[in-house]
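Numbers here are sequence positions counted from 1.
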Amino acid sequence: MPFQSIEPRRLYRQIADQIRGLIRSGEFSAGSRLPPERDLAKQLGVSRPSVREALIALEVEGLVEVRIGSGIYVLAASGRHDEPPAPGDAPAGPFELLRARYVIESECAALAAKSAKKPQVAAIEQAIDEMEREHARGRHPLDADRMFHLRVAEATGNGALVHVVKTLWEERTGPLYQQLEHHYDTPGLWESATSEHRAVLRAIGARDVAGARAAMQRHLNMAYKRFSKGWGTLQ
């Protein structure tokens, strides 16, 4: 018997596969509500963030719908549109991505505080100003948000780090992260993010290496916490 290659699978993908199988077998029929996130995590022996990533993946596929304050409901077959990605093609989950950014971008901020030139500090500030302008116009300031993080990376003077941050942001603007963010996208979210960006800028401008690292860590940790907030508490 010829052997087949073994593909490592992300944890959220394995969880999504189990839930998808139960839906397709009729265990959960169209219109029914899935067990609460905390119960799924307990039954599967995994963390709630991993379950949330799986549910978001299934929502992107059109298998379920997250109704804030109510629960996660199975959609009728006509509402389903995407096949799951091949095992090797599954993108990083949103929480996995945030943890990677926590490690990498906090060090970018520290290096920027050490080596940024005045024009680079000014460019970081301009990105934050643009975030505020877009937010004031009622627009989604994602492009300016991305520019802020890229400007910080560029201020390190290390082209490899700029490339890594660009790659992370390609994942951050992918369908999984965007769908998760959609459930939390409020004016308060962007106001908090902008304030956290200002703290990073102040530390970089003051050449406070430890302070810049801590400010970026706090920013990304707060993002993790914001997206971990229970769906049942969002109205």
Side-chain angles (χ1 to χ4, degrees), residues 9-17 19-20 37 40-41 46-68 72 81-106 108-109 127 131 134-135 139-153 161-194 196-197 200 216-231 233-234:
R9 292 192 300 158
R10 298 184 186 279
L11 179 58
Y12 83 85
R13 199 69 259 172
Q14 295 179 53
I15 298 167
D17 288 348
I19 297 172
R20 186 189 305 102
E37 184 183 72
L40 288 171
V46 297
S47 69
R48 287 182 69 172
S50 294
V51 170
R52 184 161 298 188
E53 288 176 331
L55 293 171
I56 288 295
L58 293 172
E59 188 173 35
V60 169
E61 292 173 25
L63 281 167
V64 303
E65 178 186 8
V66 175
R67 299 177 190 170
I68 299 302
I72 299 97
H81 46 79
D82 286 337
E83 286 298 316
D89 295 336
F95 293 103
E96 182 182 16
L97 183 60
L98 280 168
R99 281 311 183 203
R101 291 182 60 203
Y102 178 96
V103 172
I104 293 164
E105 293 196 49
S106 61
C108 285
M131 275 189 74
E134 288 293 286
H135 179 59
R139 297 175 183 169
H140 197 261
L142 184 60
D143 288 342
D145 185 17
R146 175 181 180 274
M147 189 55 63
F148 164 79
H149 288 276
L150 287 180
R151 291 291 182 252
V152 171
L161 285 174
V162 175
H163 176 72
V164 170
V165 171
K166 282 182 178 178
T167 301
L168 290 171
W169 266 81
E170 287 173 6
E171 295 258 359
R172 187 254 182 268
T173 53
L176 289 186
Y177 199 107
Q178 293 287 79
Q179 187 66 29
L180 176 64
E181 188 174 57
H182 165 74
H183 293 299
Y184 294 87
D185 194 1
T186 65
L189 180 151
W190 289 107
E191 288 163 8
S192 296
T194 302
E196 292 156 16
H197 285 183
V200 175
M216 186 65 85
Q217 287 176 337
R218 180 178 183 277
H219 169 49
L220 292 168
N221 196 45
M222 289 303 295
Y224 191 101
K225 288 181 178 179
R226 282 191 283 269
F227 294 151
S228 299
K229 188 177 181 180
W231 280 326
T233 65
L234 301 174

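- Using a distance-only test at 3.5 Å, with no hydrogens or angles considered, no donor-acceptor pair links the side chain of Glu134 to the main chain of Ala144.
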Identify all side-chain donor-acceptor contacts of residues 97-106 below 3.5 Å with residues at least two apart in sequence or on another chain.
residue: Arg99; atom: NH1; partner: Asn221; partner atom: OD1; Å: 3.4
residue: Arg101; atom: NE; partner: Glu105; partner atom: OE2; Å: 2.6
residue: Arg101; atom: NH2; partner: Glu105; partner atom: OE2; Å: 3.3
residue: Arg101; atom: NH2; partner: His149; partner atom: NE2; Å: 3.4
residue: Glu105; atom: OE1; partner: His149; partner atom: ND1; Å: 2.5
residue: Ser106; atom: OG; partner: Tyr102; partner atom: O; Å: 2.6
residue: Ser106; atom: OG; partner: Val103; partner atom: O; Å: 3.2

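- Nearest heavy-atom pair across Ala153 and Leu161 is CB-O, 4.4 Å.
- The residues Arg146 and Asp143 are annotated as not salt-bridged, no charged nitrogen and carboxylate oxygen being separated by less than 4.0 angstrom.
- Considering CG of Leu176 and CD of Gln178, their distance stands at 10.5 Å, rounded to 0.5 Å.
- Without hydrogens or angle criteria, Glu96 side chain to Arg10 main chain gives no donor-acceptor distance under 3.5 Å.
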> Given Ile56 and Tyr12, is the side-chain contact (heavy atoms from CB on, under 4.5 Å) satisfied, shown in steps?
Replying inline: CA-CA 10 Å; Ile56 288 295; Tyr12 83 85; over 6 Å; no
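- Considering all non-hydrogen atoms of both residues, Trp190 and Met131 come closest at CE3-CE, 3.7 Å.
- At least one side-chain heavy atom of Leu55 sits under 4.5 Å from a side-chain heavy atom of Ile19.
- Leu11 and Ser50 make their closest contact through CD2-OG, 3.5 Å (heavy atoms, listed as atom of the first residue, atom of the second, distance).
- The CD atom of Glu61 lies 11.5 Å from the CD atom of Gln179; values are rounded to the nearest 0.5 Å.
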> Can you list the steps and then say if Tyr184 with Ile68 is a side-chain contact (heavy atoms from CB on, under 4.5 Å)?
Replying inline: CA-CA 10 Å; Tyr184 294 87; Ile68 299 302; over 6 Å; no
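- Without hydrogens or angle criteria, Arg13 side chain to Ala57 main chain gives no donor-acceptor distance under 3.5 Å.
- One distance of note links CD1 of Ile72 with CG of Leu58; it measures 10.5 Å at 0.5 Å rounding.
- Side-chain contact, Glu59 with His183: a donor N or O sits under 3.5 Å from an acceptor N or O.
- Note: Leu189 CG to Lys229 NZ = 10.5 Å, rounded to the nearest 0.5 Å.
- Heavy atoms only, all atoms of each residue included: Pro94 and Glu53 are closest at N-OE2, 3.2 Å.
- Taking 4.0 Å as the cut-off between side-chain N and carboxylate O, Glu196 and Arg226 count as a salt-bridged pair.
- Counting non-hydrogen atoms of other residues, nucleotides and ligands closer than 6.0 Å to NE2 of His140 gives a total above 12.
- For the pair Phe148 and Met216, the tightest heavy-atom approach, listed with the atom from each and the gap, is CE2-CE, 4.2 Å.
- Taking each heavy atom of Cys108 and Val165 in turn, the nearest pair found is SG-CG2, 4.0 Å.
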